[in-house]
Amino acid sequence: MFTFELIKQCSQTGARAGILHTPHGDIKTPVFMPVGTRAAVKALTPAEVEETGAQILLANTYHLYLRPGASIVKEAGGLHAFMHWGKPILTDSGGFQVFSLNALREIGEEGVTFKSHMDGSLHLFTPEKAVQIQQDLGADIIMALDECTPYPSPYDYTKTSMERTHRWAERCARAQTREDQALFGIVQGGTYPDLRRESARAIDALGLPGNAIGGLSVGEEKQTMYAMLEEVTPLLDAHKPRYLMGVGTPDCLLEGVARGVDMFDCVLQSRTARMGTALTSRGKRNMRNARFAHDFSPLDPACDCYACRNFTRAYIRHLVNMGEILGATLLTIHNIRFSVSLMEEMREAILADRFAAFREEWLAQMGYVS
RNA sequence: GUGGGUGUAGCUCAGUUGGUUAGAGCGCCAGGUUGUGGCCCUGGAGGCCGUGGGUUCGAGUCCCACUACUCACC
């Protein structure tokens, strides 16, 4: 079953190391989770994803509900069998997509009505339905339906929306019938400290197996996001995993862990890879740049990924500029491995109680101002 | 050799009856991308308009010569 084992806490920051036990295996935290929205990490085979050291993948309820449909995934034997991924999977509820992809939507107490971005057909997502679909998909961790409040939003709307998200989370919990899936609630509250605290208390009080923090990294300043994390994490059960949704730049990973976050997911690694950007230990690099044309060194000399062990910057630049699929594949492998590796090193540092120094070193060498 | 066509940005081309600072696509250069509507978005550089002369207030646009390429026929 699903449990979280807290192994070590940093003596100077809020950083923690732990182990998540799931039906499909253990996950060492802190962890970076690559995104495979439509049951595929774009440009990679599951074998390639596994070689990056990824311990768990994300998939998306909204996208899989529209195509191919939850019933087909269920018929296939669930997501793990369907996509041939034997390790843990987390499905996002689709709340974010409903609110970010659809101009035509209507939010009510019952749920949210929206038009499919695929064919314009009308759909109603309720907390109960979001859980039902996720039960059919069969991930190890499932998410409550929430409203990701846009930034900026006025206080009153943020509060109204947040309270509804709390009620929806409770309905999700009641609707759940499968016992082998861990349901996480999601803290909202925008950029208002008091609402964030209120939301953290309310979500934590539901007693779910994990707590997520949503509605951040939606346009606000990083300092604001960090400030919100500092309001929220101290109020969440220390013996349950904390998941910061959608956040994944290297500096945010370091700062998030420092504030007690255990899980992260982000499309940045895979999306920017397809557009030609490499995340490296010395900051990000635009591999389309002419200065790499004659550069026959690896993407990141400090990286041990398949791309860095076997290919040069000049070659990858060529692939990216030519639009070759292999360019996207190699950069995706690298960006994911880089992020997974960063988390592994953070974990080592936490276990050795030298995380604070580790964070400073990395922020400095990657060119971030802390 | 004769007749026709074409020479405008790195490439392929548009440029109204002559009228401000000559445009597009691609390419090139750079930036962006944070719970993914995959191969996208934004910005920038770059042109003695084949050469020389003429007509005109004014020529990428009209006229002449030259030149290069190209097609057809000898």
CG (Leu351(A)) with more than 12 external heavy atoms under 6.0 Å: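 Yes - once you tally the heavy atoms of other residues, nucleotides and ligands closer than 6.0 Å, there are more than 12.
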Tell me whether the count of non-hydrogen atoms from other residues, nucleotides or ligands lying under 6.0 Å of NZ in Lys74(A) goes above 12.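 Incorrect, the count does not exceed 12.
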I'd like to check the salt bridge (charged side-chain N to carboxylate O under 4.0 Å, His left out) partners of Glu230(A); sequence neighbours left out, ordered by chain and number.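 Expected list: Arg259(A).
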Qualifying residues under salt bridge (charged side-chain N to carboxylate O under 4.0 Å, His left out), relative to Arg178(A), sequence neighbours excluded: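 For Arg178(A) the salt bridge (charged side-chain N to carboxylate O under 4.0 Å, His left out) partners, ignoring immediate neighbours, are Asp180(A).
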Suppose the criterion is salt bridge (charged side-chain N to carboxylate O under 4.0 Å, His left out): which pairs have a residue in residues 77-96 of chain A, not counting sequence neighbours?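 The answer is Glu50(A)-Lys87(A).
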Mind jotting down which residue pairs meet the salt bridge (charged side-chain N to carboxylate O under 4.0 Å, His left out) criterion with at least one end in residues 284-297 of chain A? Sequence neighbours excluded, please.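 Listed once each, the pairs are Asp295(A)-Arg313(A).
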Qualifying residues under ring pair (Phe, Tyr, Trp, His ring centres under 6.0 Å), relative to Phe311(A), sequence neighbours excluded: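 Here the qualifying residues are Tyr306(A), Tyr315(A).
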If you look only at pairs with a residue in residues 34-44 of chain A, which of them pass as a side-chain hydrogen bond (donor to acceptor under 3.5 Å, both in side chains), with sequence neighbours excluded?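 Residue pairs passing side-chain hydrogen bond (donor to acceptor under 3.5 Å, both in side chains), neighbours aside: none found.
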What pairs meet the side-chain hydrogen bond (donor to acceptor under 3.5 Å, both in side chains) rule with one or both residues in residues 1-11 of chain A, with sequence neighbours excluded?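 Those involving residues 1-11 of chain A are Glu5(A)-His21(A), Ser11(A)-Asp353(A).
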Using distance alone, with no hydrogens and no angle criterion, decide if Gln134(A) and Thr91(A) have a side-chain donor and acceptor under 3.5 Å apart.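 Thr91(A) and Gln134(A) do have a side-chain donor-acceptor pair below 3.5 Å.
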For residues Ser161(A) and Glu147(A), is any side-chain donor paired with an opposing acceptor at under 3.5 Å?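 There is such a pair (donor and acceptor under 3.5 Å, judged by atom type) between the side chains of Ser161(A) and Glu147(A).
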Could you state the atom-to-atom distance from CG of Leu57(A) to C1' of G35(B) in whole Å?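 Taking CG of Leu57(A) and C1' of G35(B), I get 15 Å after rounding.
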Under 4.0 Å from OP1 or OP2 of C40(B): is there any side-chain N or O of Arg271(A) that close?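 Checking Arg271(A) against C40(B): no side-chain N or O falls below 4.0 Å of OP1 or OP2.
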Within less than 4.0 Å of OP1 or OP2 of U33(B), is there a side-chain N or O belonging to Lys284(A)?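 Yes, within the criterion.
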Can we say Arg174(A) and Glu128(A) salt-bridge, meaning some charged N sits less than 4.0 Å from an Asp/Glu carboxylate O?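 Salt bridge between Arg174(A) and Glu128(A), a charged N being under 4.0 Å from a carboxylate O: no.
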Ion pair present between Arg337(A) and Glu344(A), side-chain N to carboxylate O less than 4.0 angstrom?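 Glu344(A) and Arg337(A): salt-bridged.
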Is any N or O donor-acceptor pair between the side chain of Asp146(A) and the base of G35(B) shorter than 3.5 Å?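 When only heavy-atom distances are counted, Asp146(A) does reach the base of G35(B) through a donor-acceptor pair under 3.5 Å.
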With RNA chain B as reference, determine whether Cys266(A) or Asn286(A) sits nearer its 5' end, using the nearest nucleotide of each.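 Closest to the 5' end, via its nearest nucleotide, is Asn286(A).
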When you match Ala328(A) and Val267(A) each to their closest nucleotide on RNA chain B, which lands nearer the 5' end?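 Its nearest nucleotide lies further toward 5', so the answer is Val267(A).
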Roughly how many Å apart are [M] and [N], using the [atom1] atom of each and rounding to a whole number?
N      : M      : atom1 : value
U6(B)  : A14(B) : C1'   : 15 Å
U61(B) : C73(B) : P     : 33 Å
U55(B) : U12(B) : P     : 35 Å

Does the plane of the ring in His80(A) sit parallel, tilted or perpendicular to the ring in His24(A)? Use 30° and 60° as the thresholds.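 Parallel: the ring planes of His80(A) and His24(A) meet at under 30°.
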Symbol by symbol from the 5' end, with Watson-Crick or G-U pairs under 3.5 Å, [ ] crossing and | another strand, RNA chain B is (((((((..((((.....[...)))).(((((.......))))).....(((((..]....)))))))))))).
Start with the C-alpha distance between Arg171(A) and Glu110(A), add both sets of side-chain angles, then the distance that settles salt bridge (Lys or Arg N to Asp or Glu O under 4.0 Å), and finish with yes or no. CA-CA 10 Å; Arg171(A) 282 167 60 187; Glu110(A) 177 61 13; 3.7 Å; yes
What are the residues of [range], sorted by number, that bring a heavy atom to within less than 4.0 Å of RNA chain B?
range                       : answer
residues 25-49 of chain A   : Val35(A), Thr37(A), Arg38(A), Lys42(A)
residues 153-170 of chain A : none
residues 273-282 of chain A : Arg274(A), Met275(A), Thr277(A)

Restricting to non-hydrogen atoms, name the atom on Ser339(A) and the atom on Leu253(A) that form the minimum distance, rounded to 0.1 Å.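 Looks like CB-CD1, 4.5 Å.
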Enumerate the protein-to-nucleotides 26-29 of chain B contacts in which both atoms are nitrogen or oxygen and the separation is below 3.5 Å.
{"from": "C29(B)", "atom 1": "OP1", "to": "Arg317(A)", "atom 2": "NH2", "distance (Å)": "2.9"}

